[in-house]
*Asks:* 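Just passing along the structure, written as structure tokens.
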Number of protein chains: 2
Amino acid sequence: MRQDVHNSSIPVLCASCEARHKGICGALEPDQLVALAKTSYKQKADGGSELIGDAERVESYSNVLSGVVKLTKTLSDGRQQIVGLQFAPDFLGRPFRSESGINAEAATEVGLCSFPKGAIERMMKASPELEHRLYQQTLRELDEAREWMVTLGRKTASEKIASFLLMIARHIDPTADPDRTSATFDLPLSRADIADFLGLTIETVSRQLTKLRADNVIRIENNRHVVVPDMERLELRAGN
Amino acid sequence: MRQDVHNSSIPVLCASCEARHKGICGALEPDQLVALAKTSYKQKADGGSELIGDAERVESYSNVLSGVVKLTKTLSDGRQQIVGLQFAPDFLGRPFRSESGINAEAATEVGLCSFPKGAIERMMKASPELEHRLYQQTLRELDEAREWMVTLGRKTASEKIASFLLMIARHIDPTADPDRTSATFDLPLSRADIADFLGLTIETVSRQLTKLRADNVIRIENNRHVVVPDMERLELRAGN
DNA sequence: CCCGCACATTGACCTCGGTCAACCCCTGCC
DNA sequence: GGCAGGGGTTGACCGAGGTCAATGTGCGGG
């Protein structure tokens, strides 16, 4: 599959890139990778900076290489909802549409590898395997979106918070054993973001977090660092 | 694109099928269509019958030819959320996974054209155009799911109801001019289903519907038949 | 025709989570 | 050091929507 023995043909830009292993670039042959790398560039974006505007014409796609990107939708009166979170090595962009219909914003500092829209779309026509990977990711995103619809529509505030912490723990914790009994991680989102993600207010988020802390389900240090001594107890609170 | 002049090679089963025009079967060449038609069969399902079970192994995919299918998820204590609605000629099934993770149930009487799982997956490998169409549909479903996340997370009960009626009007009304000022349609869902879709209770659904009726935004006949004299007034209530 | 059943409506009451406001804590800047 | 500003917490209060229960309505079957 990968050719690590003689990979002098792999562009320097891509050599150690996560997107080449687990992301969509893994679908490309070395020569295609070279062609794509010519037009692509890595960049950093500060937390809070807007990556894609709602109605603005999108001219590029990106891979998320590090950090967390939040996808949001906003009603005319300002009410906001986060409709997705993207972690490395997710692909960022809405193929086959000039306007994305959603906003993308860096939740943390974010590393991106960006390509012009046309380059990806041409390559997609040439390589069914690339389109296949994008399709797979979209299916996963759809599964996740539907999972969150249940959370938004039917769970209580405290179940929402527990579900959110579980989801983050599963995505972020570097010690990635899915069966581990404890977990430790930094929240990539502010209280306001968590509220926008769960359809709550910051006050309710705060209250539910202190409740979980009071019940010794979690510990919180410096507002962002979370320790979950017993994942099962947290799962119990998520109400699945 | 289509070959209507000499289409004796099109299988009888598919000749007048909507899925061949607007659905995924339009991606297939006549000979592929013949091959697929050999293993496929049309069927009717009564409203309320289960089409795909949550954890049950899925052995077939289908096209929805008529009626409405609701996709649901259920928590262990019975709370239910509808996470998607499928109308003709949508494709029904979760490719690349043996278990769908969701339930599919006929909301109304439903017409289906079903294929064995393997047939589609083999054909997908052979025809990138087929996979492309499935990808496109999945992208549309993802857009819709995210749209509903905003509704679930941030809208009030009355905005939810108005948004729901708008969505149905756009999908169902046979007089399909998107800029028409009035609309008439039958609700494909019971009050209980609407509640499960919007994250509400049947009582709240009922109350909000009577409020819309009291304010002359809609008329309702026989519990199911809805008349919207002025779509703009309904849009105003949806709070986008 | 009447009964029984499923679905829908309506009312009375209560609760969860939103609102408003005070306060805390930390960090960066003068 | 002091102060301003942003993020987070906590408390008191309130209201949208949930809960529980009674009532209404249409329909198929005996």
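Reminder, nothing fancy here: chain letters follow the sequence lines and each chain counts from 1. The analysis underlying the following values was restricted to heavy atoms, covering all of them including side chains, and did not include hydrogens, waters or symmetry mates.
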*Asks:* Using whole Å, what does the distance between atom C1' of nucleotide C/dC7 and atom CG of B/L187 come to?
*Replies:*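 Checked: the CG to C1' distance equals 13 Å.
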
*Asks:* Reading DNA chain D in the 5' to 3' direction, which nucleotide is the first one with an atom under 4.0 Å from a heavy atom of chain A, and which is the last?
*Replies:*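 For DNA chain D, the relevant span reads D/dG8 to D/dA12.
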
*Asks:* I need the single residue from A/E144, A/E147, A/E235 that forms a salt bridge (Lys or Arg N to Asp or Glu O under 4.0 Å) with A/R170. Which is it?
*Replies:* A/E235

*Asks:* What residues, two or more places apart in sequence or in another chain, satisfy ring-ring contact (aromatic ring centres under 6.0 Å, His included) together with A/F115?
*Replies:*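 With sequence neighbours excluded, A/F115 shows a ring-ring contact (aromatic ring centres under 6.0 Å, His included) to no residue whatsoever.
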
*Asks:* Could you list the residues that satisfy salt bridge (charged side-chain N to carboxylate O under 4.0 Å, His left out) with B/K44, not counting sequence neighbours?
*Replies:* none

*Asks:* Within the sub-3.5 Å range, which N or O atoms of nucleotides 15-17 of chain C have a protein N or O partner, and how far apart are they?
*Replies:*
residue, atom, partner, partner atom, Å
C/dG17, OP1, A/A157, N, 2.7

*Asks:* Taking distance alone, no hydrogens or angles, what donor-acceptor pairs closer than 3.5 Å link side-chain atoms of residues 216-226 of chain A to residues at least two apart or in another chain?
*Replies:*
residue, atom, partner, partner atom, Å
A/R224, NH1, A/L187, O, 3.0
A/H225, ND1, A/D186, OD1, 2.8

*Asks:* Using heavy-atom distances to pick each residue's nearest nucleotide on DNA chain C, tell me which of B/R207 and B/S190 is more 5'.
*Replies:*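 The residue whose closest nucleotide sits nearer the 5' end is B/S190.
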
*Asks:* Mind checking what makes side chain to side chain donor-acceptor pair (under 3.5 Å) contact with B/N240, not counting sequence neighbours?
*Replies:* B/K155

*Asks:* A/F197 vs A/W148 aromatic rings, parallel, tilted or perpendicular, using cut-offs 30° and 60°?
*Replies:* perpendicular

*Asks:* Between atom CD1 in B/I220 and atom C1' in C/dA8, what is the gap in whole Å?
*Replies:* 10 Å

*Asks:* Would you kindly say whether A/E105 and A/T72 are connected by a side-chain donor-acceptor distance under 3.5 Å?
*Replies:* no

*Asks:* Could you give the CD1-to-C1' distance, from A/I202 to C/dG18, as a whole number of Å?
*Replies:* 12 Å

*Asks:* Please give, in whole Å, the distance from C/dC24 C1' to A/R191 CZ?
*Replies:* 14 Å

*Asks:* Of all the heavy-atom pairs spanning A/A88 and A/E18, show the shortest one and how long it is.
*Replies:* CB-OE1, 3.7 Å

*Asks:* Quickly work out the B/E203 CD to C/dC7 P distance and round it to whole Å.
*Replies:*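 Rounding to the nearest Å, CD of B/E203 and P of C/dC7 are 14 Å apart.
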
*Asks:* Please report, rounded to the nearest Å, how far the P atom of C/dA8 is from the CD1 atom of B/I194.
*Replies:* 8 Å

